[in-house]
Q: 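Below is the structure I would like to discuss, written out as structure tokens.
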Amino acid sequence: MLHKRERFERSDVSKSMAGGTALAVGVLVFLVVGLAIGFAWARSRSGIDSRLSDADLSSAVASQAAVAGPGDGYTASTDTFTNVLLLTVDDLDAESPTLTSAQLLSINVSAGTGTLVSLPLDTQLTTEAGNTTLAALFASSGASACIAPVAAATNTQLSHAIVATSEIWDKLASYKGSGVHAILGSDSDLISSIKTDMDNDQLMDVAELVQSTGVANWTRADAPVSAGSLDDGTATSVIDATQLDAQIGTLVAA
């Protein structure tokens with residue numbers, strides 16, 4: 001039986017973007033990455049090893065099952081959402097990179113708002129081989145294997161996925177206010193520093209969605225969870241999908 005996990009800070013209460021440095025950096029650098037790649041492609045830069053349109057991630061995004069219907073007291077929102085899974089790793093070029101953080105970037109296209117939800121690395125996921133954690137599944141099978149199980153655990157249709165390192169986020173954050181041209185002129189390697197299912201046009205579309213919502217319309221939150229465990233006793237975090245979906249707005253009170 002699952003038991004409620006005690007927290008010093010409520011995970012079901014969203015935080016304002018103005019007070020959340022991590023969110024501000026995360027959203028802004030995501031935007032900069034999209035614009036940087038877009039401008040680079042427009043310039044037809046040569047000799048760049050791009051990880052856009054990654055075949056494994058594209059296949060994984062396409063393999064998701066349909067979301068389950070809303071529980072009692074809720075109904076599905078009629079708004080349009082774009083949901084992006086952001087996975088941060090220690091070394092994108094390593095044979096077996098380590099997952100260091102996971103976030104769900106949910107953009108309510110209709111309302112012009114967005115939410116960045118932090119997902120615990122010990123999030124319990126269900127696979128054909130049985131239950132495991134997000135970190136363990138990533139370690140054994142890579143990013144693409146995590147897409148469908150995360151979508152199921154959050155009852156969220158993932159539109160896209162991005163894999164990058166914290167160093168890239170930090171580097172891009174340091175360019176804040178410098179402009180895309182300055183970023184490209186300073187470090188063209190940024191273009192090959194993320195992996196995603198998106199092609200150039202899709203990445204630009206998502207970047208423009210992020211930009212159009214405006215900083216004041218973003219919130220950040222931790223995924224609402226309860227304490228669980230695997231068969232071997234490994235502690236896990238079981239996501240309350242209904243509360244998470246209400247948090248990002250894909251479910252609304254009936």
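When a residue number appears, it is its place in the shown sequence, counting from 1. What you see is a predicted model, and the numbers here were worked out from it, not measured in a lab. Just the heavy atoms: all of them, side chains too, but no hydrogens, waters or symmetry mates, feed the values below.
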Q: Check for me, please, whether Leu230 and Leu119 land in the same ILVMFWY cluster - side-chain distances under 4.5 Å, paths through other members count.
A: no

Q: Measuring from atom CG of Asn108 to atom OG1 of Thr113, what distance do you get when rounded to the nearest 0.5 angstrom?
A: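 Here the rounded value is 4.0 Å.
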
Q: How long is the gap from CG on Asp205 to OG1 on Thr82, to the nearest 0.5 Å?
A: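 The OG1 atom of Thr82 is 9.0 Å from CG of Asp205, to the nearest 0.5 Å.
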
Q: Are the side chains of Met198 and Ile162 in contact, using a 4.5 Å heavy-atom criterion?
A: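 Yes, at least one pair of side-chain atoms sits under 4.5 Å.
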
Q: Check the side chains of Thr213 and Trp218 for a donor-acceptor pair under 3.5 angstrom, ignoring hydrogens and angles.
A: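 There is such a pair between these side chains.
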
Q: Measuring from atom CG of Leu92 to atom NZ of Lys195, what distance do you get when rounded to the nearest 0.5 angstrom?
A: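 So the CG of Leu92 and the NZ of Lys195 are separated by 6.0 Å.
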
Q: Closest approach of Ala223 and Pro120, non-hydrogen atoms and distance?
A: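 Between these two residues, the closest heavy atoms are CB-CD, 4.3 Å.
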
Q: When you compare the side chains of Thr156 and Asp245, does any donor N or O come within less than 3.5 Å of an acceptor on the partner?
A: yes

Q: Which is it for Asp91 and Thr165 under the side chain to side chain contact (heavy atoms under 4.5 Å, CB included) test, yes or no, and what are the steps along the way?
A: CA-CA 6 Å; Asp91 184 353; Thr165 66; 5.5 Å; no

Q: Apart from Leu251 itself, which Ile, Leu, Val, Met, Phe, Trp or Tyr residues share its cluster (side-chain heavy atoms under 4.5 Å, direct or through members)?
A: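 Its cluster mates, by chain and number, are Tyr74.
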
Q: When rounded to the nearest 0.5 angstrom, what is the spacing between CG in Leu209 and CD1 in Ile107?
A: 5.0 Å

Q: Using the rule that two of Ile, Leu, Val, Met, Phe, Trp, Tyr join whenever any of their side-chain heavy atoms come within less than 4.5 Å, decide whether Phe81 and Val150 are in one cluster.
A: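 Unlinked, Phe81 and Val150 end up in two clusters.
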
Q: For a side-chain hydrogen bond (donor to acceptor under 3.5 Å, both in side chains) check, start with the C-alpha distance between Asn83 and Ser159, then their side-chain angles and the critical distance, and finish with the verdict.
A: CA-CA 5 Å; Asn83 301 308; Ser159 310; 4.9 Å; no

Q: Looking only at non-hydrogen atoms, find the nearest pair between Ser237 and Asp122 and report the distance.
A: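 Ser237 and Asp122 have their closest heavy atoms at OG-OD1, 2.8 Å.
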
Q: Among Val89, Thr88, Asp197, which residue meets the side chain to side chain contact (heavy atoms under 4.5 Å, CB included) test with Val163?
A: Val89

Q: Is there side-chain contact between Val117 and Ile248, with at least one heavy-atom pair below 4.5 Å?
A: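 Side-chain contact under 4.5 Å: yes.
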
Q: Keeping Ser110 on the side-chain end and Thr80 on the backbone end, is there a donor-acceptor pair under 3.5 Å?
A: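 Confirmed, Ser110 side chain pairs with Thr80 backbone.
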
Q: Closest heavy-atom contact between Pro224 and Gln247?
A: CD-OE1, 3.6 Å

Q: Once rounded to the nearest 0.5 Å, what's the spacing between atom OG of Ser53 and atom CG of Asp199?
A: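 Here the interatomic distance stands at 4.5 Å.
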
Q: Can you list every pair that meets side chain to side chain donor-acceptor pair (under 3.5 Å) and has a residue in residues 54-66, with sequence neighbours left out?
A: none

Q: Give me the atom names and distance for the closest heavy-atom approach of Val238 to Gly228.
A: CG2-CA, 3.9 Å

Q: If you take all heavy atoms of Ala102 and Leu121, which pair is closest and at what distance?
A: N-CD2, 4.1 Å

Q: Does a side-chain heavy-atom distance below 4.5 Å link Leu104 with Val84?
A: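 No - every pair of side-chain heavy atoms lies 4.5 Å or more apart.
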
Q: Going by the side chain to side chain contact (heavy atoms under 4.5 Å, CB included) test, name the single residue among Leu52, Val61, Leu86 that passes it with Thr196.
A: Leu52

Q: Decide if atom CG of Asp232 counts as having more than 12 heavy atoms of other residues, nucleotides or ligands within a radius under 6.0 Å.
A: yes

Q: Do Val109 and Leu116 belong to the same hydrophobic cluster, where Ile, Leu, Val, Met, Phe, Trp and Tyr are linked whenever their side-chain heavy atoms lie under 4.5 Å apart, directly or via other members?
A: yes

Q: I'd like a table of donor-acceptor pairs (distance under 3.5 Å, sequence neighbours excluded) in which one partner is a side-chain atom from residues 131-142, with atom names and distances.
A:
unit_1	atom_1	unit_2	atom_2	d
Asn131	OD1	Thr126	OG1	3.0
Thr133	OG1	Ala136	N	3.1
Ser140	OG	Ala136	O	3.2
Ser140	OG	Leu137	O	3.2

Q: Are Leu85 and Val67 linked, directly or through other ILVMFWY residues, by side chains that come within less than 4.5 angstrom of each other?
A: no

Q: Identify the heavy atoms of Ala60 and Ile147 that sit nearest to each other, and give their distance.
A: CB-CG1, 3.6 Å

Q: Evaluate the side-chain proximity of Val225 to Asp240: yes if any heavy-atom separation is below 4.5 Å, no if none is.
A: no

Q: As an exercise, state the distance from OG1 of Thr234 to CD of Gln124, rounded to the nearest 0.5 Å.
A: 10.0 Å

